[in-house]
There are 2 protein chains.
Amino acid sequence: MSAIAAALGVSAATVSNALSGKGRVSPELAEKIRTKAAELGYVPSLTARALRTGRSGVLGLVLPNIGNPLFPQIAQAIENAAADAGYGVLIADSRGNNNMQTLAIQRLMERQVDGIVVVPRFGTRIGDLGCPVAVIDSPSTPGNTVSSDHWQGGQLVADHLAGLGHRNFVLIGANPQSNVQNDRIGGMKSRLPKDARVEVVWIEKIEAVSGPGCPLGLMDKIERGFTAFAASNDLHALRAVTELQRAGIRIPDQASVVGFDDLAWSSVVSPAITTVRQDMAAIAEIAVNALLAVIDQENAEIPEAGGIAIAQHDRVPMTLVARQTSGRPAIFNSQGNTIKGEIR
Amino acid sequence: MSAIAAALGVSAATVSNALSGKGRVSPELAEKIRTKAAELGYVPSLTARALRTGRSGVLGLVLPNIGNPLFPQIAQAIENAAADAGYGVLIADSRGNNNMQTLAIQRLMERQVDGIVVVPRFGTRIGDLGCPVAVIDSPSTPGNTVSSDHWQGGQLVADHLAGLGHRNFVLIGANPQSNVQNDRIGGMKSRLPKDARVEVVWIEKIEAVSGPGCPLGLMDKIERGFTAFAASNDLHALRAVTELQRAGIRIPDQASVVGFDDLAWSSVVSPAITTVRQDMAAIAEIAVNALLAVIDQENAEIPEAGGIAIAQHDRVPMTLVARQTSGRPAIFNSQGNTIKGEIR
DNA sequence: CTGAAAGCGCTTACAG
DNA sequence: CTGAAAGCGCTTACAG
C-alpha cells in the first residue's frame with residue numbers, strides 16, 4: 001500500500017479509501033490507484049487490517065471428530081458459506097474427550113476468530129464463550145442454533161416404509177445418548193402405523209459385548225418376521241445391507257433398508273441405499289449468517305456486550321432420496337400383506 | 001499485555017520478554033508477570049504478533065475435493081501435526097475446476113499463511129507460489145513432497161492375493177489419469193504371478209456409458225473365471241463386494257476383494273474389507289515439518305529467497321490390513337488350484 | 001476531495 | 001536486568 005502511495009505521490013489514507021471504495025476519493029484518482037495496485041500486484045495485509053479493525057475475517061469450525069464420515073459434508077458446506085461471505089475457516093478437532101473440545105475452542109479464540117461454528121460432542125453444552133457461537137446439532141440440544149429437523153426426517157422414513165407395506169420395523173441406532181439419533185428414531189416411532197411391531201437395536205450396546213464390527217443379529221429379526229430396517233445413518237444402513245445380503249437375503253425383495261445422511265458411498269453400492277439427506281448448504285448458510293449478524297452488531301453497538309449465544313433454533317427440513325434398497329418388496333401385495341411364505 | 005504492565009508498573013517490553021521466556025528478565029519479575037498474566041486471563045494477540053513478526057502461525061490446507069471420503073483422514077492428520085507444532089489450519093476446497101484451486105491458494109496467501117499443504121487435482125502442477133508448499137499426492141507427481149508409496153501398496157495387494165492362490169485378477173480403478181491410482185495398479189501388476197490373467201476395469205469409462213452407480217459387470221468376470229478383485233480404493237472395493245454379494249457370490253469363499261485406504265466403513269461392513277492403509281500421521285508430520293523447515297530458514301536467512309518448493313519425495317510405506325473379504329477362498333486347494341467347480 | 005496523525009498489540013534492536 | 005522507541009500495514013476520525 002505504501003508502495004502504491006509512493007508511486008503515485010498520494011497518501012496511504014487515500015489509497016486505503018480508494019481501494020475500499022469508501023467514497024471520498026475522486027473517481028479519477030481512485031481509478032489510477034486501482035490500476036497501480038493491480039500493476040504492482042498489491043495484496044492487502046489481512047493481518048494488519050485485523051489488528052486495526054479487531055476483526056480477523058476468520059471463522060472457527062469445531063467438530064467432535066474429524067474422522068466422522070459426515071464431516072466432509074459439513075466442512076464443505078461451512079467452507080463454502082464462509083468463503084462466499086469473504087471469511088476463511090480454521091478447523092479444530094475435539095476428538096477424544098470434552099476437554100479437547102474446550103481446548104480447541106480456546107485455540108481458535110486465541111487466533112482471534114470472529115465467530116465459531118461448533119458441532120458439539122454428546123452431552124456437552126456450549127456456554128457463553130465471549131465470542132459469537134453457532135451450534136449445529138439437533139433441535140433437542142440446548143443452545144442449538146440450526147440443524148436438520150431430524151424428527152421430521154424420521155417421520156419421512158416411517159411414512160416411506162409404511163407406504164411400502166411394512167408393519168414390522170427394526171430401528172437401528174448407535175448410541176442412545178446422541179440427540180440426533182434420538183430425534184431420528186423418535187420421529188420414526190411417532191409415525192409408525194398403529195399395528196406396527198417395533199424393535200430398536202443399539203449398536204454400541206451389542207458391540208460392547210461382541211466387539212466392534214460384530215454381526216448385529218439382523219437375521220434373527222428376519223426370522224422373527226421383521227422386514228423393514230431403518231438405520232439412524234447410512235453407515236449403519238450399509239452394515240445392515242451387507243449383513244443381510246451376505247446371509248442370502250435379497251434387498252429389496254425380502255427386506256427394505258433405509259439410512260440417513262446420503263454419505264459418499266450410499267448411491268454407489270449395490271443396491272443403492274435409500275436415505276434421508278440433510279440440506280447442509282442451507283444449514284451452513286444459516287449458521288454463518290447468524291454468526292455474521294452478531295459480529296456486525298457487535299461492531300455497531302456497544303462492544304462490551306461480549307459473546308452472545310445465538311438462539312434461533314432453526315430447523316431445516318430433510319428430504320428422502322428413494323433408491324433401490326427400498327423398492328417395493330416382492331413379499332407384499334398391494335394391500336401390504338405378505339404374499340410369499342419364504343419369510344414369515 | 002499493557003494491562004499487565006500497568007498493574008505491575010513495568011514496561012510492555014519486559015512483559016513480552018518474560019512471557020516469551022527469552023531470558024533477560026530476572027526470574028522473580030518473570031514469575032510475578034506470569035502470575036499476573038494468569039490472574040488477568042491474559043491471552044496474547046496472535047494477530048499483533050503476526051503483524052510484527054511476519055508469521056501468522058497458520059498453515060493452509062488445499063484439497064481437491066473436501067467431499068472426498070479420504071479427506072477426513074488427511075484433514076485430521078494435518079490438523080494434529082499442525083496443532084502439535086503450535087499452528088492453526090485454514091482449509092480451502094478447490095472443488096470444481098483447476099481455477100478454483102488457484103483461487104483457493106490465493107485466498108490462503110492473502111490471509112498470510114506461513115505455508116500451504118496441497119493435495120493437487122489430477123494433472124495440475126503446483127509451481128513456485130512465493131510461499132512454502134508441501135505437495136501430497138504420489139511419488140509420480142512432479143513436485144511431490146511426501147506421500148504413501150502407492151506402488152509398494154499395490155505390491156502388497158498382489159502378494160497377498162497371489163498368496164491366497166488367486167491367478168485370475170480383476171483390477172478396479174476409477175480414472176487412469178490419477179497418479180495415485182496408476183501407481184497402485186502399476187504396483188499390483190508388477191508383482192502378479194507370471195501365469196496370472198489380468199483385466200483392468202476403469203469405472204469412469206463404464207459410467208460414462210451406463211451412468212453413475214451402474215453395475216460394473218463383475219459377474220461377467222466371475223463367469224469368465226476371475227476370482228480376485230483388487231480395487232484402487234475401498235469405495236470401489238465396497239461396490240464390488242455388494243455387487244457380487246447381491247448376485248449371490250459368497251465372499252471370501254468364491255472370490256476375494258481388496259481395497260485401499262481403510263475408509264470409515266471398511267471394518268464394519270459384512271464381510272469386513274481387506275485393505276491397505278496409509279500412514280497419514282507420518283505423512284502429515286513430514287509435510288508439516290518440511291513446511292516448518294522452510295519457514296524457519298526463510299526467517300533466519302535472506303528473506304528475499306521467497307517461496308521455495310520443497311522437493312524431498314518421501315515415500316511412506318503402506319500396510320496391509322487383512323480382513324474377511326480375503327480369507328482363504330474355499331475354491332482353492334493348498335496349491336492354489338481350483339477344487340470346486342461351481343465357479344470355473 | 002485529500003492528507004497528517006494516531007493507534008490496533010505486539011517484538012526487537014538499542015540504550016541505560 | 002529493565003525501559004523507551006520504533007515499526008509491522010492497515011483504518012479511521014479529524015483537519016484542511
Side-chain angles (χ1 to χ4, degrees), chain A residues 1-34 36-37 40-58 86 88 109-114 295-296 298-300 303-304, chain B residues 1-34 36-37 40-58 86 88 109-114 295-296 298-300 303-304:
Chain A
M1 170 171 274
S2 60
I4 302 173
L8 258 30
V10 298
S11 76
T14 299
V15 174
S16 175
N17 281 322
L19 259 23
S20 65
K22 289 254 175 58
R24 44 205 196 185
V25 179
S26 69
E28 303 77 40
L29 217 203
E31 183 52 32
K32 243 167 57 181
I33 289 173
R34 264 179 262 116
K36 186 53 98 181
L40 261 38
Y42 169 71
V43 178
S45 162
L46 298 200
T47 303
R49 183 178 296 166
L51 181 59
R52 173 63 227 237
T53 62
R55 294 176 46 172
S56 61
V58 174
M109 292 191 50
E110 282 181 11
R111 294 193 186 284
Q112 265 83 45
V113 295
D114 293 333
I295 293 168
D296 290 343
E298 268 187 354
N299 238 46
E304 305 87 44
Chain B
M1 171 170 275
S2 59
I4 302 174
L8 259 31
V10 298
S11 75
T14 298
V15 174
S16 174
N17 281 322
L19 259 23
S20 65
K22 289 255 173 59
R24 41 200 193 190
V25 179
S26 70
E28 303 77 39
L29 217 204
E31 182 52 33
K32 245 168 55 184
I33 289 174
R34 262 179 262 117
K36 185 54 101 181
L40 263 37
Y42 170 71
V43 177
S45 163
L46 299 199
T47 303
R49 183 178 295 165
L51 181 58
R52 172 64 226 232
T53 62
R55 294 175 48 172
S56 61
V58 174
M109 292 190 50
E110 281 180 11
R111 293 193 186 284
Q112 265 82 43
V113 294
D114 292 332
I295 293 168
D296 290 343
E298 269 187 355
N299 238 48
E304 306 86 44

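Each chain gets a letter, A, B and so on, in the order its sequence line appears, and its residues count up from 1.
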5′-ward residue of the pair B:Gly9/B:Arg52 relative to DNA chain D: B:Gly9
Regarding B:Leu46, tell me which of base, sugar-phosphate or nothing describes its non-hydrogen contacts under 4.0 Å with the strands shown. nothing
Separation of B:Lys32 atom NZ from D:dT2 atom C1', in whole Å? 13 Å
Whole-Å gap separating P (C:dC8) and CZ (A:Arg55): 18 Å
Report the distance from atom CZ of B:Arg49 to atom P of D:dC10, rounded to the nearest whole Å. 21 Å
Determine whether a donor-acceptor pair (N or O, by modelled atom type, separation under 3.5 Å) exists between the side chain of A:Arg111 and the backbone of B:Gly57. yes
With rounding to the nearest 0.5 Å, note down the distance linking CG in B:Leu51 to OG1 in B:Thr47. 9.0 Å
B:Ala13 side chain: which of D:dA4, C:dA4, D:dG9 is closest? D:dA4
Tell me whether the OP1 or OP2 atom of D:dT2 has a side-chain N or O from B:Thr14 closer than 4.0 Å. no
Side-chain N or O of A:Ser45 closer than 4.0 Å to phosphate OP1/OP2 of D:dG9: no
Could you check B:Val15 against B:Tyr42 for side-chain contact (heavy atoms from CB on, under 4.5 Å), going step by step and ending with a plain yes or no? CA-CA 11 Å; B:Val15 174; B:Tyr42 170 71; 5.9 Å; no
With a 3.5 angstrom cut-off on both distances, give the Watson-Crick or G-U wobble partner of C:dA4, or none if there isn't one. none
Could you tell me whether the side chain of A:Gln112 and the main chain of B:Leu46 form a donor-acceptor pair under 3.5 Å? yes
Touch class at under 4.0 angstrom, heavy-atom based, for A:Ser16 against every strand present: base
Nearest of D:dC1, C:dA4, D:dT12 to any side-chain atom of A:Thr53? D:dT12
With nearest nucleotides of DNA chain D determined for B:Leu51 and B:Ala30 from heavy-atom distances, which residue corresponds to the more 5′ nucleotide? B:Ala30
Using purine N1 to pyrimidine N3 plus N6-O4 or O6-N4 for Watson-Crick, or N1-O2 and O6-N3 for G-U wobble, each under 3.5 Å, what pairs with D:dA13? none
